[in-house]
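Input: a single structure, listed below in structure tokens.
Values reported hereafter were calculated over all heavy atoms of this structure, with side chains retained and with hydrogens, waters and symmetry mates removed. Owing to the predicted nature of the structure, the values given are computational and were not obtained by experimental measurement.
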Amino acid sequence: MGGILTHIVKLISYADGRNLMPVVRSTHSLYAEQEDDCWFSKHFIPVQLCSVPGDLTYLCVRNELSYGGFDVPNHLSIEEAHRTFFKYYQFNPKIEKVVDDFLQREKITQFDVSIHYRGTDKKLEASSASFESVAQKLKGLKALSGDVRHIFLATDSAEFEQYIRPQFPEMRFFSFQLSEAAPIGVPRHFSDINADLKATEALANMLLLGKARFCIRTVSYMSAWAKIFNPALKVATLNKLIDQSISFPERQIITESF
């Protein structure tokens, strides 16, 4: 999900710099029930309604090479990505309602710390981060800021969740899921969970990760987009990408880690 959004915001920035109106259509079998369904238009709506020609030809994007012939920016600042994205698109109110309903149900408006631990399919892309490193960082935050009680946890690792909760029995952990757990070891986005629920759940988790004073994370587009959605979020990243040529959005986030 976050990887697709990264392509989208770079292309929106390209259009914005040329006074063009970006029209986004994104299909993906992971997030749409039908192969040709546009999952993006279900979850985001344009800020300015405009008439889109029915015979409009779209640039087909599969990876960065798909737009290699254009001067699409390779790097955006987090602040620029936030401004550019929300200049043209906003969340469908149903996504915001899902998040608001969760917060109201749990009787909370902001978390002290959010944690995103990616444990299933990032081993070839990033160095590993131990469970203990997350616990140590959380202990350090507690010592630094004092009142740390409410933790939002997003993870695809059942083992990590079973580890971290007992380490801090005095803290209240919150997690958000719309459907059953994926099989152990299977990345949630690759599971057979209903595609629309999967998309809604991913976006809600990005927003909820951003509703904290601090975020402790491992490298992942999900928590990177939590920072793009909320540039004021203070982030600690506990590992690094193996491919140092990848600049956006990780480079700034890692550089500014506390």
Side-chain angles (χ1 to χ4, degrees), residues 1-2 78 95-122 126 128-182 184 187-189 198 200-240 249-250 253-254 256-258:
M1 171 71 73
I78 298 300
I95 298 294
E96 295 174 324
K97 185 177 187 305
V98 166
V99 171
D100 289 344
D101 286 350
F102 173 78
L103 293 173
Q104 289 177 18
R105 186 166 61 249
E106 298 294 347
K107 296 180 173 58
I108 190 167
T109 56
Q110 184 186 51
F111 305 102
D112 298 308
V113 179
S114 61
I115 298 174
H116 183 219
Y117 189 90
R118 183 73 174 270
T120 54
D121 64 336
K122 283 291 181 182
S128 61
S130 67
F131 294 178
E132 291 78 11
S133 67
V134 182
Q136 287 302 315
K137 197 68 178 179
L138 186 53
K139 289 175 182 176
L141 273 177
K142 184 179 180 182
L144 179 68
S145 60
D147 191 18
V148 175
R149 294 180 296 161
H150 300 120
I151 312 297
F152 181 77
L153 173 64
T155 183
D156 56 1
S157 169
E159 292 85 356
F160 174 73
E161 184 165 4
Q162 290 165 6
Y163 165 83
I164 198 69
R165 287 177 181 266
Q167 296 292 316
F168 300 92
E170 74 283 9
M171 297 181 186
R172 184 181 175 193
F173 284 80
F174 303 80
S175 291
F176 178 84
Q177 289 185 350
L178 286 174
S179 56
E180 71 283 354
I184 293 176
R188 195 164 180 81
H189 57 298
K198 197 187 300 181
T200 300
E201 184 179 288
L203 290 169
N205 271 280
M206 291 176 189
L207 287 169
L208 288 164
L209 283 165
K211 290 185 178 296
R213 293 186 291 133
F214 303 95
C215 176
I216 300 171
R217 68 185 287 266
T218 57
V219 166
S220 174
Y221 281 117
M222 175 175 279
S223 43
W225 271 86
K227 173 70 172 173
I228 292 172
F229 289 150
N230 177 19
L233 182 66
K234 295 179 175 63
V235 177
T237 306
L238 301 182
N239 60 344
K240 294 182 178 181
E250 287 293 347
I253 295 173
I254 292 173
E256 295 179 355
S257 289
F258 65 84

**OP:** List the steps, then state whether side chain to side chain contact (heavy atoms under 4.5 Å, CB included) holds for F168 with V148.
**Re:** CA-CA 10 Å; F168 300 92; V148 175; over 6 Å; no
**OP:** Could you tell me the separation between the CD atom of E256 and the OG1 atom of T237, rounded to the nearest 0.5 Å?
**Re:** 10.0 Å
**OP:** With side chain to side chain contact (heavy atoms under 4.5 Å, CB included) as the test, would you mind laying out the steps for T200 and I95 before giving the verdict?
**Re:** CA-CA 7 Å; T200 300; I95 298 294; 3.9 Å; yes
Original post:
To the nearest 0.5 Å, what is the distance between CE (M1) and CG (L203)?
Top reply: 4.0 Å
Original post:
Atom CG of D100 and atom OG1 of T109: how far apart are they, to the nearest 0.5 Å?
Top reply: 11.0 Å
Original post:
Looking only at heavy atoms, which two atoms of E161 and P166 are closest? And how far apart?
Top reply: O-CD, 4.3 Å
Subject >> Minimum heavy-atom distance between P249 and I228, given as atom pair plus value >> reply: CB-CD1, 4.1 Å
Subject >> Which atom of N239 lies closest to which atom of T218, heavy atoms considered >> reply: OD1-CA, 3.3 Å
Original post:
Which residue, I115, I216, V113, forms the side chain to side chain contact (heavy atoms under 4.5 Å, CB included) with K137?
Top reply: I216
Original post:
Donor-acceptor pair, N205 side chain versus E201 backbone, under 3.5 Å?
Top reply: yes
Original post:
Do M222 and R118 come within less than 4.5 Å of each other through their side chains, counting heavy atoms only?
Top reply: no
**OP:** Indicate yes or no for a side-chain donor-acceptor contact from S114 to the backbone of F152 under 3.5 Å, with no hydrogens or angles considered.
**Re:** no
**OP:** Using a 4.5 Å cut-off on heavy atoms from C-beta on, say whether the side chain of L208 contacts that of L103.
**Re:** yes
Subject >> Heavy-atom closest pair, residues M171 and K142 >> reply: CE-CD, 3.8 Å
Subject >> Heavy-atom side-chain contact between E106 and R172 under 4.5 Å >> reply: yes
**OP:** Kindly state whether the ring of Y117 and the ring of F131 have centres lying under 6.0 angstrom apart.
**Re:** yes
Subject >> Candidate pair F229 and L209, rule side chain to side chain contact (heavy atoms under 4.5 Å, CB included), full reasoning >> reply: CA-CA 10 Å; F229 289 150; L209 283 165; over 6 Å; no
Original post:
Do the rings of F102 and F111 sit parallel, tilted or perpendicular, given the 30° and 60° boundaries?
Top reply: tilted
Subject >> I164 side chain reached by F173 side chain, heavy atoms, under 4.5 Å >> reply: yes
**OP:** Measure the CG-SG distance between L233 and C215 for me, rounded to the nearest 0.5 Å.
**Re:** 5.0 Å
**OP:** Check F176 against A204 and note the closest heavy-atom contact, atom names and distance.
**Re:** CE2-CB, 3.5 Å
Subject >> Inter-residue atom distance K227.NZ - E250.CD, 0.5 Å rounding >> reply: 12.0 Å
Original post:
To the nearest 0.5 Å, how far apart are OG1 in T155 and NE2 in H116?
Top reply: 6.5 Å
**OP:** Assess whether side chain to side chain contact (heavy atoms under 4.5 Å, CB included) is satisfied between I151 and L138, documenting all intermediate values.
**Re:** CA-CA 10 Å; I151 312 297; L138 186 53; 4.1 Å; yes
Subject >> G119 backbone acceptor or donor facing D156 side chain under 3.5 Å >> reply: yes
Subject >> Closest contact, heavy atoms only, R149 versus D112 >> reply: N-OD2, 2.8 Å
**OP:** May I ask you to test the V134-Q167 pair for a side-chain heavy-atom distance under 4.5 Å?
**Re:** no
Original post:
Any donor and acceptor pair, going by atom type alone, linking the side chain of S223 with main-chain N or O of V219 inside 3.5 Å?
Top reply: no
